[in-house]
**Student:** 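Have a look at the structure that comes next, please.
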Amino acid sequence: MDGGRATIAGLVILSQDVHRIFGGVVPELASRAHVRAIGPVVDQALADAGVALEQLDGIAVTAGPGLIGALLVGVSYGKALAWRLGKPLIGVHHHEGHLFAPTLEDPTVQPPFVALLVSGGHTVLLDVPTWGTYRVLGRTRDDAAGEAFDKVGTLLGLGYPAGAEVEQLAASGDPHRFRFPRPMLKELGIDGPDRFTFSFSGLKTALLRATQASDSLDADRNDLARGFQDAVIEVLSAKTAAAAELLGYPTVILAGGVACNRALASAVRERLHPGTTLAVASPRLNTDNAAMIAAAGAWHLARGERASWELEAFDAGELGGQL
Ligand code: KG4
Ligand code: ZN
């Protein structure tokens with residue numbers, strides 16, 4: 001930690017092969033993989049960073065939301081480490097961690113900002129006037145954006161997770177061959193509760209029909225990927241830019257695994273008013289990682305916050321929503 005701010009000393013990337021083999025996340029396997037990996041991963045991260053356990057200011061651990069079995073492994077390990085070292089323990093909300101990711105590379109990124117958090121499990125548009133204050137402007141009413149990328153990836157015969165591969169195929173796809181619906185886009189123009197609401201399950205069904213109607217998936221794959229991605233991006237970017245304009249904030253943040261998508265970032269950037277800047281971390285910090293959790297933890301620690309020994313892991317709950 002550097003004056004209450006986190007800097008990256010080491011970043012261990014864990015293989016997701018255990019999930020790739022089964023085409024998705026198997027909770028039981030994820031928990032077992034965590035039990036096996038957590039000790040060696042912590043050792044390697046400390047070794048890479050050249051930091052001894054005793055030099056740590058505190059222990060930040062993801063408390064949720066997510067797979068409860070995997071979270072329990074981390075929370076229990078974090079408690080044991082904090083107890084053994086006599087250091088403070090901080091429980092971090094996974095989504096708050098994602099929001100801190102851009103600050104690791106650019107410390108000038110600070111609230112107030114509008115944040116679009118798009119991951120495999122969540123799609124939420126947030127008003128963040130200060131760190132620690134998260135007001136939900138809108139969320140998905142069904143599938144998350146990343147989940148839609150992954151399901152469409154399966155329909156296109158790709159591996160899991162498919163987001164990066166769909167993006168790659170879409171880059172060489174014809175944008176005019178397949179036009180899919182823009183779900184909930186017209187609500188943006190209506191001053192009602194669904195202005196900033198998203199929905200992606202219908203789009204997935206539209207893709208299913210298009211793949212069924214296709215004579216050759218090999219010939220159509222890139223164009224289908226392009227049609228799907230354009231539809232998702234148009235809705236995400238239009239609502240994000242409109243929220244930024246409504247709140248008049250100088251900064252917009254893209255966070256979560258789907259923020260790795262460069263087409264999404266450029267579409268949002270294009271729609272923002274001059275003077276509004278878009279902050280996006282590099283891909284390794286947008287997909288789940290410990291550095292972003294440390295950054296959020298450092299902020300809580302600097303405020304003197306401490307978790308009690310009763311810190312719990314939780315499987316559901318949105319930032320700014322009811323936990
Ligand atoms: O935040 P994250 O690493 O894990 C969760 O907390 O869910 O997000 C993973 C999600 C996956 O659905 C993956 O397909 C998606 O992020 N993703 C992408 C891209 N890279 C990863 N989606 C679209 N385009 C990408 N380039
Ligand atoms: Zn995540």
Side-chain angles (χ1 to χ4, degrees), residues 11 13-16 18-20 23-25 27 30 34 61-68 70-71 74 92-102 104 115-124 126 139-140 142-156 158-173 198 200-201 203-204 207 222 225-237 253-268 280-296 314-319:
L11 201 55
I13 308 291
L14 258 195
S15 162
Q16 297 275 320
V18 63
H19 303 317
R20 203 165 288 133
V25 174
H34 274 67
V61 61
T62 307
L67 292 176
I68 198 69
L71 290 164
V92 175
H93 193 293
H94 180 69
H95 299 172
E96 189 176 41
H98 273 301
L99 298 185
F100 271 86
L104 286 160
L116 176 68
L117 177 63
V118 266
S119 73
H122 295 269
T123 295
V124 57
L126 292 163
R139 57 170 71 87
T140 179
D142 40 59
D143 291 353
E147 189 180 357
F149 269 93
D150 294 334
K151 286 178 175 170
V152 164
T154 304
L155 293 174
L156 297 179
L158 310 178
Y160 174 91
E165 212 179 336
V166 170
E167 179 183 10
Q168 213 182 331
L169 297 178
S172 57
F198 301 101
F200 296 110
S201 69
L203 195 50
K204 177 193 64 197
L207 251 293
N222 295 22
R226 178 59 180 261
F228 161 75
Q229 183 176 274
D230 282 357
V232 173
I233 286 180
E234 186 173 339
V235 180
L236 290 176
S237 60
I253 280 185
L254 287 188
V258 184
C260 297
N261 191 296
R262 281 166 201 274
L264 172 63
S266 34
V268 174
V280 197
S282 51
R284 66 179 192 146
L285 294 174
N286 276 328
T287 43
D288 291 351
N289 67 86
M292 69 187 197
I293 302 301
F314 53 93
D315 57 0
E318 219 159 57
L319 203 56

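For the numbers below, each heavy atom of this structure counts, side chains included, while hydrogens, waters and symmetry mates do not. Order of listing sets the numbers, starting from 1, for every ligand and every atom in it.
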**Student:** How far is atom 22 (N) of ligand 1 from the closest protein heavy atom, and which atom is that?
**Tutor:** Gly163 CA, 3.4 Å
**Student:** For Glu167, take its heavy atoms, then give the atoms of ligand 1 lying under 4.0 Å from any of them.
**Tutor:** 25 (C), 26 (N)
**Student:** Below 4.5 Å, heavy atoms only, C-beta onward: do Leu264 and Val232 meet side chain to side chain?
**Tutor:** no
**Student:** In terms of residue, atom name and distance, what is the protein heavy atom nearest to atom 24 (N) of ligand 1?
**Tutor:** Asn261 ND2, 3.0 Å
**Student:** Leu158 versus Val166: any side-chain heavy-atom pair under 4.5 Å?
**Tutor:** yes
**Student:** So, Asp230 side chain and Ile233 main chain: donor-acceptor pair closer than 3.5 Å or not?
**Tutor:** no
**Student:** Give a yes or no on whether the backbone of Gly121 and the side-chain of Ser119 come within a donor-acceptor separation of less than 3.5 Å.
**Tutor:** yes
**Student:** When you measure from atom 10 (C) of ligand 1 to every protein heavy atom, which one gives the shortest distance, and what is it?
**Tutor:** Gly120 N, 3.5 Å
**Student:** Between Ala263 and Gln229, what is the shortest heavy-atom contact and its length?
**Tutor:** CB-NE2, 3.6 Å
**Student:** With a 4.0 Å heavy-atom cut-off (strictly under), which part of His94 contacts ligand 1: side chain, backbone, both or neither?
**Tutor:** side chain
**Student:** Do the ring planes of Phe314 and His93 sit parallel (below 30°), tilted (30 to 60°) or perpendicular (above 60°)?
**Tutor:** tilted
**Student:** Quick one: pull up CG in Leu155 and CG in Leu207 and give me the separation to the nearest 0.5 Å.
**Tutor:** 6.5 Å
**Student:** Do you know which N/O/S atom name in Asp288 is closest to the Zn ion (ligand 2)?
**Tutor:** OD1
**Student:** Would you mind naming the N, O or S atom of His98 nearest to the Zn ion (ligand 2)?
**Tutor:** NE2
**Student:** Need the ligand 1 atom indices (1-based, order shown) with element for anything under 4.0 Å from a heavy-atom of Thr287.
**Tutor:** 3 (O)
**Student:** Rounded to the nearest 0.5 Å, how far does CG of Leu254 lie from CG of Leu99?
**Tutor:** 11.0 Å
**Student:** In terms of atom number and element, which parts of ligand 1 are under 4.0 angstrom from non-hydrogen atoms of Gly121?
**Tutor:** 7 (O)
**Student:** Give the residue and atom name of whichever protein heavy atom lies nearest to atom 2 (P) of ligand 1, and the separation in Å to one decimal.
**Tutor:** Asp288 OD1, 3.3 Å
**Student:** Fit a plane to each ring of His94 and His98, take the angle between them on a 0 to 90° scale, and name the class: parallel (under 30°), tilted (30 to 60°) or perpendicular (over 60°).
**Tutor:** perpendicular
**Student:** Which protein non-hydrogen atom lies closest to atom 8 (O) of ligand 1, naming both residue and atom, and how far is it?
**Tutor:** Gly257 CA, 3.3 Å
**Student:** Can Asp143 and Ser201 be said to form a side chain to side chain donor-acceptor pair (under 3.5 Å), step by step?
**Tutor:** CA-CA 6 Å; Asp143 291 353; Ser201 69; 5.2 Å; no
**Student:** Compute the shortest N/O to N/O distance between Phe149 and ligand 1 and return yes if it is under 3.5 Å, no if not.
**Tutor:** no
**Student:** Can you list the atoms of ligand 1 that are under 4.0 Å from a heavy atom of Ala164?
**Tutor:** 19 (C), 20 (N), 25 (C), 26 (N)
**Student:** For the pair Arg262 and Glu167, find out whether any cationic side-chain nitrogen is under 4.0 Å from an anionic carboxylate oxygen.
**Tutor:** no
**Student:** Mind checking whether Leu67 and Asp315 have side chains closer than 4.5 Å, heavy atoms only?
**Tutor:** no
**Student:** Considering Leu117, Asp150, Val152, Leu264 one by one, which has a heavy atom nearer to atom 14 (O) of ligand 1 than any of the others?
**Tutor:** Asp150
**Student:** If you measure from each heavy atom of Arg262 to ligand 1, is any distance below 4.0 Å?
**Tutor:** no
**Student:** Closer than 4.0 Å to some heavy atom of Gly146 - which atoms of ligand 1 meet that?
**Tutor:** 12 (O)
**Student:** Could you tell me, atom by atom, which parts of ligand 1 come under 4.0 Å of a heavy atom of Ser119?
**Tutor:** 1 (O), 5 (C), 6 (O), 7 (O), 8 (O)
**Student:** Does any N, O or S atom in His95 come within less than 2.8 Å of the Zn ion (ligand 2)?
**Tutor:** no
**Student:** Using 2.8 Å as the threshold, say whether any N, O or S atom from His94 sits that close to the Zn ion (ligand 2).
**Tutor:** yes
**Student:** Identify, by atom number and element, the atoms of ligand 1 in contact range of Cys260, meaning under 4.0 Å from any of its heavy atoms.
**Tutor:** 20 (N), 26 (N)
